[in-house]
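Heads up, the thing below is written out as structure tokens.
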Amino acid sequence: MEKLNSPLTEDELRKIDQFYEINKSLITLPKNVTNLDTFIKENKIFLEMIKGLSNFEKTKAWMYLYKLVTNQNKNLKGVREENKTRSFYDHISLVITCVIVFLIILPIAYFLVTKEPKKSNYGKCVENGVQYFKDIGSYPRLSDGKHAENVVRERCNRSSVAFGSID
């Protein structure tokens with residue numbers, strides 16, 4: 001707590017601090033207030049508290065209150081600007097997050113959409129392969145003893161057109 005080279009006692013300065021804390025919503029610092037005189041005219045509520053002081057002490061009390069209010073306004077301005085900056089960065093981080101999520105979901109969706117036809121192509125290939133081995137009389141076992149269906153699945157895993165076109 002700064003005394004401002006004031007004849008005011010620590011107790012009086014503490015009272016001003018308390019007054020300010022209690023009444024800071026009522027004490028205004030309009031944009032047109034550029035000096036102590038206009039500040040005093042805008043904030044007459046403080047006059048009652050300092051009525052027992054000498055004119056010199058009143059001036060020091062007003063200067064101390066003015067300093068409290070202007071410092072508070074500077075702090076608020078900094079907080080508002082910090083909040084604007086933080087809000088901007090929050091917005092940017094949200095956009096970046098959305099883009100990253102989109103870039104992750106897009107390939108997954110593409111994979112899922114394009115994988116489905118491959119499953120049906122595989123199924124058609126197996127059907128064609130089983131039918132092929134039935135037609136040549138080698139179903140369910142081939143001449144070498146292997147199960148025809150296992151051979152069909154193995155060939156269809158390598159190529160979905162192993163037993164002709166899928167159309």
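Values below: all heavy atoms of this structure, side chains included; hydrogens, waters and symmetry mates excluded. Throughout, residue positions are numbered sequentially from 1 according to the sequence presented.
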Residue pair [X] / [Y], side-chain heavy-atom distance below 4.5 Å:
X    : Y    : value
R141 : H147 : yes
F163 : V126 : no
N150 : E154 : no

Inset, instruction - Over all heavy atoms of both residues, which pair between S160 and C125 is shortest? Give the atoms and the distance, please. - result: O-CB, 3.3 Å
State plainly whether one hydrophobic cluster holds both [X] and [Y], where clusters connect Ile, Leu, Val, Met, Phe, Trp and Tyr through side-chain heavy atoms under 4.5 angstrom apart.
X    : Y    : value
I136 : V130 : yes
V99  : L106 : yes
I100 : I108 : yes
I96  : V101 : no

Just verifying a value: how many Å separate [X] [atom1] and [Y] [atom2], rounded to the nearest 0.5 Å?
X    : Y    : atom1 : atom2 : result
E149 : Y139 : CD    : OH    : 4.5 Å
C156 : K124 : SG    : NZ    : 13.0 Å
N128 : S165 : CG    : OG    : 7.5 Å

